[in-house]
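Take a look at the structure set out below.
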Amino acid sequence: MNTKDENYKALNFIEAIIEDDLQEEKNEKRVHTRFPPEPNGYLHIGHAKSICLNFGLAKKYNGMCNLRFDDTNPTKEEEEFVDSIVEDVKWLGFDWEGRLFYASDYFDQLYKWAEKLIINGKAFVDDQSAEVIGDQRGTVTTPGTESPFYNRSVEENLNLFRRMKAGEFPDGSKVLRAKIDTTSPNMLLRDPVLYRILHASHHNTGDKWCIYPMYDFAHGQSDYIEGITHSICTLEFEVHRPLYDWFLDNLIETKYRPQQIEFARLNLSYTIMSKRKLMELVEGGFVNGWDDPRLPTISGLRRRGYTPESIRYFADKIGVARRDNMIDVALLEHSVKDDLNKKTLRVMAVLNPLRVVITNYPEGKVEEMELVNNPEDETMGSRKVPFTREIFIEKDDFMEDPPKKFFRLAPGAEVRLKGAYFIKCEEVVKDETTGEVIEVKCTYDPETKSGGPQSNRKVKGTLHWVSAQHGLKAEVRLYDRLFLDEDPLGHPDKDFQEFINPGSLKTVTGLIEPSLRNVKPFEKFQFIRLGYFCVDPDSKEDKLVFNRTVPLRDSWAKISGKGR
RNA sequence: UGUCCGAUGGUGUAACUGGCAACACGUCUGAUUUUGGUUCAGAAGAGUCCAGGUUCGAGCCCUGGUCGGACAACCA
């Protein structure tokens, strides 16, 4: 059986459909997909799943993938959003090869199709208000009823529709509706609205139109126009499929049809994916903009320090299916750590400094220690880090009265300073009033210098450190999950904002080794023993700013119970 | 009280025309380690929503339930 084959990779259900289609030589064996966002917000990791899917399928089957903006509602859409979407898709590493389209590119054709429907007696102009039409539509368990304007003549409908287009009527006074079936169990088939009057200027077509097609009247036809073979979308559009089919069947004679396939959208634990809710967080000032590193937006993840590779890897790992899912955010975090582990320079930074004075080390002496940049990759070389009599270590790396399994600095204990010497704690200096440890006096063993005769001696722990004299101050933003609840939207009785984690952002001033003096925004590092960090765009030469992408696995935190 | 869709370890996905339920994340052990990271070795954890049926044999097919989701915007 092939399942046992080394190279066998199970097909997801969409790939299975495509391979069947290919086998049957459907659409001359073309595979053409598209990613069709509405430019009314920023893209998030859920969109990334769709982008990776659509572009990934095209690549896998030597096909094409278009980027198309479904921009049929000028009151909600903005140029700013199309720009950010274009940037995000590009950043993720995908190329639409010049096929960037807009549903608004097809407004003329769509209009002609609407007239065709009228002429064929399949559409009519309705003068009723949205409210009345809604009431007439019935409910999911009771059928709707026909509009009193249902039987207007073709001539009257055509005349009215043309006058709608000419701008003779105010917003909301008339709509064009299809005549399908007001009693259909599928609500979307109960004489849906095709065109509405909107005296609004469009980001693309300006003031050319004052009537705009509904998404449903534009989407399927746009796919048809572009020659899309597999229209991949999320589950909630499943009920729209019969409607798209109805439009095409009533408008198009050829047998070619885009085939819609629905998959379950991504849900990620401890965050939210709803564009509207995300907008609330941004506009309510709960976060600092669409690219806040706590948000699951692509721009937020980018600023947080995620790489396109890690997101694509993640998209691949979560798979595609039709059942509801809630992906553990740990998988996303694993995806970046795995990527960054291979790529990033290891550097030393102390986030919560404790002064250490090495009493037997000559005052004023500076030694340049050679540190390996990445033990995973020797080709990344090494760098020099200055060592002096006074250094800083992490406060958590010292305990005056340590438990058994504490392998770090404590009175009388000896530890290794990464890339430097072994030091032994001889004395603890405390603040007289608070009793807080403010300094530790140590002695070092000159024989234990890295590479030296005694450097292979066994010690319990290795600490990172920064020279007090050379350390650079840096603002470090420590991010944690934005919500305390795994599924903030999963509580019908509670507002999701109640679950916002008040500690989702902690800003500290740390000290970093001097080799980081000239870093540029988006450069990524591993701060040894702490985590992966990324230079924030706010960072300036005289004020470095780092974002913590994700902490390293911390088994001590688990043992000591200090974990999340 | 409608129509459609779905249900496999804690999470996600797989098991091809029925043939010993697999992989990843997570969890736990141990080894290695100049990062309590990485890596390596191993373990625990589901008998596939329930009840019937077909079959030598059902996660997969059939019937009936249960539970979950989607659908009633001049939003997409």
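Lettering of chains follows the sequences in order, A, B, ..., and the numbering in each one begins at 1. No hydrogens, no waters, no symmetry mates; every other heavy atom, side chains included, goes into these values.
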Between [options], which one does the side chain of [X] approach most closely?
X: M326(A); options: G36(B), C74(B), G12(B); result: G12(B)
X: I327(A); options: G36(B), C71(B), G12(B); result: G12(B)
X: N341(A); options: U38(B), A73(B), A76(B); result: U38(B)
X: R346(A); options: G36(B), C5(B), U35(B); result: U35(B)
X: S555(A); options: G69(B), G36(B), G12(B); result: G36(B)
X: Q526(A); options: A14(B), U35(B), C5(B); result: U35(B)

Tabulated below should be each protein N or O lying under 3.5 Å from an N or O of nucleotides 1-4 of chain B; please produce it.
residue : atom : partner : partner atom : Å
G2(B)   : N3   : V140(A) : O            : 3.0

With no hydrogens and no angle check, do the side chains of E146(A) and Q136(A) hold a donor and an acceptor under 3.5 Å apart?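 No, no side-chain donor-acceptor contact under 3.5 Å.
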Verify whether one side chain among S382(A) and E370(A) offers a donor that lies under 3.5 Å from an acceptor in the other.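 Result is yes, a qualifying pair exists.
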Name all residues meeting the ring-ring contact (aromatic ring centres under 6.0 Å, His included) criterion together with W290(A); count only those two or more places apart in sequence or in a different chain, and write none if there are none.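 Listed in chain order: Y42(A).
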The criterion is ring-ring contact (aromatic ring centres under 6.0 Å, His included); which residues satisfy it with H199(A), sequence neighbours excluded?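 With sequence neighbours excluded, H199(A) shows a ring-ring contact (aromatic ring centres under 6.0 Å, His included) to no residue whatsoever.
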Within a radius of less than 6.0 Å around CD of E79(A), do more than 12 heavy atoms belonging to other residues, nucleotides or ligands occur?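 More than 12 heavy atoms, drawn from other residues, nucleotides or ligands, come within 6.0 Å of this atom.
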Pull out every residue in residues 210-217 of chain A that has a heavy atom closer than 4.0 Å to any atom of RNA chain B, ordered by number, or say none. M214(A), Y215(A)
Using heavy atoms and a sub-4.0 Å distance, could you list which residues of residues 264-272 of chain A are near RNA chain B? By number, please.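 Nothing qualifies; none.
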Parallel, tilted or perpendicular: which fits the ring planes of F237(A) and H219(A), with parallel below 30° and perpendicular above 60°?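 Geometry flag for H219(A) against F237(A): parallel rings.
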Can you name the closest pair of heavy atoms from N374(A) and M380(A) and give their distance? ND2-SD, 3.4 Å
V320(A): partners by side-chain contact (heavy atoms from CB on, under 4.5 Å), with sequence neighbours left out: N12(A), F13(A), I14(A), L53(A), F263(A)
If the condition is side-chain contact (heavy atoms from CB on, under 4.5 Å), which residues does R529(A) pass it with, not counting sequence neighbours?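 Residues passing side-chain contact (heavy atoms from CB on, under 4.5 Å) with R529(A): D397(A), R408(A), L463(A), H464(A).
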Expressed in whole Å, how much space separates the C1' atoms belonging to C74(B) and C61(B)? 47 Å
Just to verify, what does S310(A) make a side-chain hydrogen bond (donor to acceptor under 3.5 Å, both in side chains) with, not counting sequence neighbours? T307(A)
Consider side chain to side chain contact (heavy atoms under 4.5 Å, CB included). Of V476(A), D554(A), L351(A), L478(A), which one does L530(A) pass it with? L351(A)
Under 4.0 Å from OP1 or OP2 of U8(B): is there any side-chain N or O of R323(A) that close?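 True: R323(A) side-chain N/O within range (under 4.0 Å) of U8(B) OP1/OP2.
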Which protein N or O atoms sit under 3.5 Å from an N or O of nucleotides 23-33 of chain B?
residue : atom : partner : partner atom : Å
U27(B)  : OP1  : K558(A) : NZ           : 2.7

Pairs under 3.5 Å (Watson-Crick or G-U), crossing ones as [ ], inter-strand ones as |: RNA chain B comes out as .((((((..((((.....[..)))).(((((.......))))).....(((((..]....))))))))))).....
Qualifying salt bridge (Lys or Arg N to Asp or Glu O under 4.0 Å) pairs, either residue in residues 38-52 of chain A, two or more places apart: none
Which residue pairs satisfy the side-chain hydrogen bond (donor to acceptor under 3.5 Å, both in side chains) criterion with at least one member in residues 413-422 of chain A, sequence neighbours excluded?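 As it turns out, the side-chain hydrogen bond (donor to acceptor under 3.5 Å, both in side chains) pairs with a partner in residues 413-422 of chain A, which skip direct neighbours, are E367(A)-Y421(A), E414(A)-R457(A).
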